[in-house]
Amino acid sequence: MKYFIVFFSLVILFVAGDRHLNANGPFGKRHNVGDEPSPYACNRRVGISSSTTLTITNINVSATNYSSNDQINITWTSVSNPCVDDFVGIYFVEIDLSNACGYFDYEFVKTGQNQTSWQMTNLRRKLEFRYYSRDRKCLGNYTLIGKSPTIEPLNYNEATHIHLAYGNRIDQIYVSYLTNSSEYIPQCQYGLNPSSLDFHQNGTTTTYTASDMCEGKANTWGAQTFIHPGYMHTILLENLHPSTTYFYRVGTNEHGWSQIYSFQNRPANKDESVYLIAYGDMGVSPVEQGSKSTVDRVTARVLTNNVTCLLHIGDISYARGIGALWDSFMTQIQPIAARIPYMVGIGNHEYDHETGGNNKDPSGAPGPGGFRPKWGNYGTDSGGECAVPMVHRFHSPTNGNGLFWYSFDVGPIHIIYYSTEHDFRRTSIQYKWIEADLQSVNRSRTPWLIVGSHRHMFTSEFESPVDLIKLMLQLHLEPLFYKYHVDINLYAHRHSYERSCPMYHYRCIDDGITHILIGMAGQDLDSGPYSGAEWSLYHDQQFGYTTLFANQTYLHFNYYHNNNDQIADQFTLHK
């Protein structure tokens, strides 16, 4: 109980929103924070004619039509002495040529460089590449010195962002995808054989706009803020047999069909084993070491193993109000999420906001900014999205409060997602729901009980100032989880990996909870020192992912490093 005394003796501090904000663009170009094309980036415009004539031929492209995830190569005649912040950017064609900084993404041009490649995301509009250089011996404004032909999607209504999620019942699966139009009823054709998609189901369509969200960038139209997200289609497949492989495709005759994917429905009883993948804090960056290597490793595992589902516990895309990053993220995970249910939880970068609540916050949290106690460090980490893109794009069972808290069974495991961005104290609605759900678990049917949320309950990494949310989670929820014999508590938020012994109140005990921090899936890693706490059995600060294999008497957990795909940590629990 010592830490309770420490907690209540602390001076209440407000901690600024977390620091892990990179500046990666939706077309896979790696940038550092503040690394815009010039120190005065978005005040720069095409200006006074340069005293030096800068001429290059048009930017040549390897293709003028593309599908999502295609690569386009571009070439130009190199400039002999480019400025250090000369850049090639990608733009909607209607962006004024004087708006050098109206790009979606960009790449600095190096001396002698005359080519580069771009991994395409279907933004459902015409695009072009532009080369800008600064005049007045690299001290003046940006001047346009070249642009490409128009490039556009091969199919504006290409079925993209295909992903799966569990429904309320074992026999249900949500199939979701996105197109540029809501003109036709979305459809899914499916069956037991890829050459015989004998079953058919229609779906529903939704979208959202800038004014639907709470504040900031999310409310503002622009290449680096809000763009039209397209139309999200969802089909609920029902009467599916357990542990059965189905083949499917989505689309319409008018707009075309996706390729054929397959999934295996979850088992209906505890006698069958399941194999899960879990991580948090991945984000977007097709060329960043972290998220790209995680996606590559996990995709390979999904294609070669019988994976049941994936758990992504918060900080999903890190879009933070930049709409095109959602397109990039959903494109990035499609090779995984079109084949296994992709079950998401809410993190601070999906939800946290200060205003616009009450009528806009889809969680129904009271007040303009939701749950904002003085001891919390709840900021504006969603860029004003307040979870609106999340609830339109992803699905979950409806036994709780949408994506914010819910539960589901996977073979012998009962999984509870709860929200650390909402009130979790003993008097809260969420706490009462968690306790009721814990009470309802039939441990003879699902002997394993796993809870998951975004913010960490424990870490032995030094934190300055002390994270008071962590202490409040220990105060309110750790006793509840211990009372109902939770086996594993998964969380993220810190960008590292750490596993505890089975413990309670910082003491290792036989019937304790194993706490596992899995926030190492992509975003910039932590680098702080560790305290050497006895309860911490393993920790490191490397990119990776985790897997969980369970049957009714045995649970085995592995943590893999991305750099070699080798097991760095593992443990086993028995019933």
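Counting all heavy atoms, side chain and backbone alike, Ser98 lies closest to Asp96 at OG-OD1, 2.5 Å. Gly283 and Gln332 get closest at one heavy-atom pair: O-NE2, 3.1 Å. Contact between Gly167 and Pro397 at its shortest, heavy atoms only, is O-CG, 3.4 Å. In terms of heavy-atom proximity, Ser117 sits nearest to Asn73 at CB-OD1, 3.1 Å. Minimum interatomic distance between Gly102 and Ala223 (heavy atoms only, all atoms of both residues): O-CB, 3.4 Å. Listed here is the closest heavy atom pair of Pro229 and Asp327: O-OD1, 4.5 Å.
No donor-acceptor contact under 3.5 angstrom links the side chains of Thr252 and Gln187, judged on distance only. Side chains of Asn377 and Arg372: no donor on one and acceptor on the other come within 3.5 Å. In this structure, a donor-acceptor pair under 3.5 Å is absent between the side chains of Thr331 and Asn69. Side-chain polar atoms of Gln523 and Ser291 form no donor-acceptor pair below 3.5 angstrom. A donor atom on one side chain and an acceptor atom on the other are not found under 3.5 Å apart for His454 and Thr420. Tyr406 and Asn401 share no donor-acceptor pair across their side chains, judged by distance under 3.5 Å alone. Tyr275 and Arg301 form a side-chain donor-acceptor contact under 3.5 Å, judged by distance and modelled atom types alone. No hydrogens or angles considered: nothing links the side chains of Gln541 and Ser496 as a donor-acceptor pair under 3.5 Å. For Asp86 and Ser133, the side-chain atoms include at least one donor-acceptor pair closer than 3.5 Å. No hydrogens or angles considered: nothing links the side chains of Ser68 and Asn122 as a donor-acceptor pair under 3.5 Å.
With a 6.0 Å cutoff to the six-membered ring centre and a 45° limit on the axis angle, Lys147 does not count as a cation-pi contact of Trp76. Remark: Arg266 is positioned above the aromatic ring of Tyr166, its terminal NZ or CZ atom under 6.0 angstrom from the ring centre and at most 45 degrees off the axis.
Interatomic distance, Leu127 CG to Ile72 CD1, rounded to the nearest 0.5 Å: 8.5 Å. The structure places CD1 of Ile450 at 13.0 Å from OG of Ser407, a figure rounded to the nearest 0.5 Å. For the atom pair CD1 of Ile340 and OG1 of Thr308, the computed distance is 8.5 Å after rounding to the nearest 0.5 Å. Within the model, atoms CD of Gln115 and OG1 of Thr75 stand 7.0 Å from one another, a figure rounded to the nearest 0.5 Å. In this structure, Phe329 CZ and Gln334 CD are separated by 12.0 Å, a value rounded to the nearest 0.5 Å. Here CD of Glu385 is found 6.0 Å from OG of Ser317. Values are rounded to the nearest 0.5 Å.
Under the side-chain hydrogen bond (donor to acceptor under 3.5 Å, both in side chains) test applied with Tyr545, the options Thr294, Asn558, Asp565 reduce to a single match, Asp565. A ring-ring contact (aromatic ring centres under 6.0 Å, His included) with His422 holds for exactly one of Tyr378, Tyr351, Tyr417, Phe371; it is Tyr351. Under the side-chain hydrogen bond (donor to acceptor under 3.5 Å, both in side chains) test applied with His233, the options Thr206, Thr204, Thr205, Thr207 reduce to a single match, Thr205. Each of Asp315, Asp526, Asp524, Asp281 was evaluated against Arg494; a single residue qualifies, Asp526, per the salt bridge (Lys or Arg N to Asp or Glu O under 4.0 Å) test.
Using the six-membered ring where Trp is involved, His456 and Tyr491 have ring planes that are tilted, between 30° and 60° apart. Below 30°, between 30° and 60°, or above 60°: for Tyr91 and Tyr103 the angle between ring planes is above 60°, a perpendicular geometry. Between His312 and Tyr342, the ring-plane angle classifies as perpendicular under the 30° and 60° cut-offs.
Side-chain contact between Leu237 and Ile235 is present, with heavy atoms from C-beta onward closer than 4.5 Å.
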Legend entry - ring pair (Phe, Tyr, Trp, His ring centres under 6.0 Å) between Tyr418 and Trp405, worked out: CA-CA 4 Å; Tyr418 63 99; Trp405 52 87; 9.7 Å; no

Legend entry - Residues Tyr177, His161; criterion ring pair (Phe, Tyr, Trp, His ring centres under 6.0 Å); working and verdict: CA-CA 5 Å; Tyr177 70 103; His161 307 181; over 10 Å; no

Legend entry - side chain to side chain contact (heavy atoms under 4.5 Å, CB included) assessment of Ile227 paired with Phe104: CA-CA 11 Å; Ile227 64 169; Phe104 282 104; 3.9 Å; yes

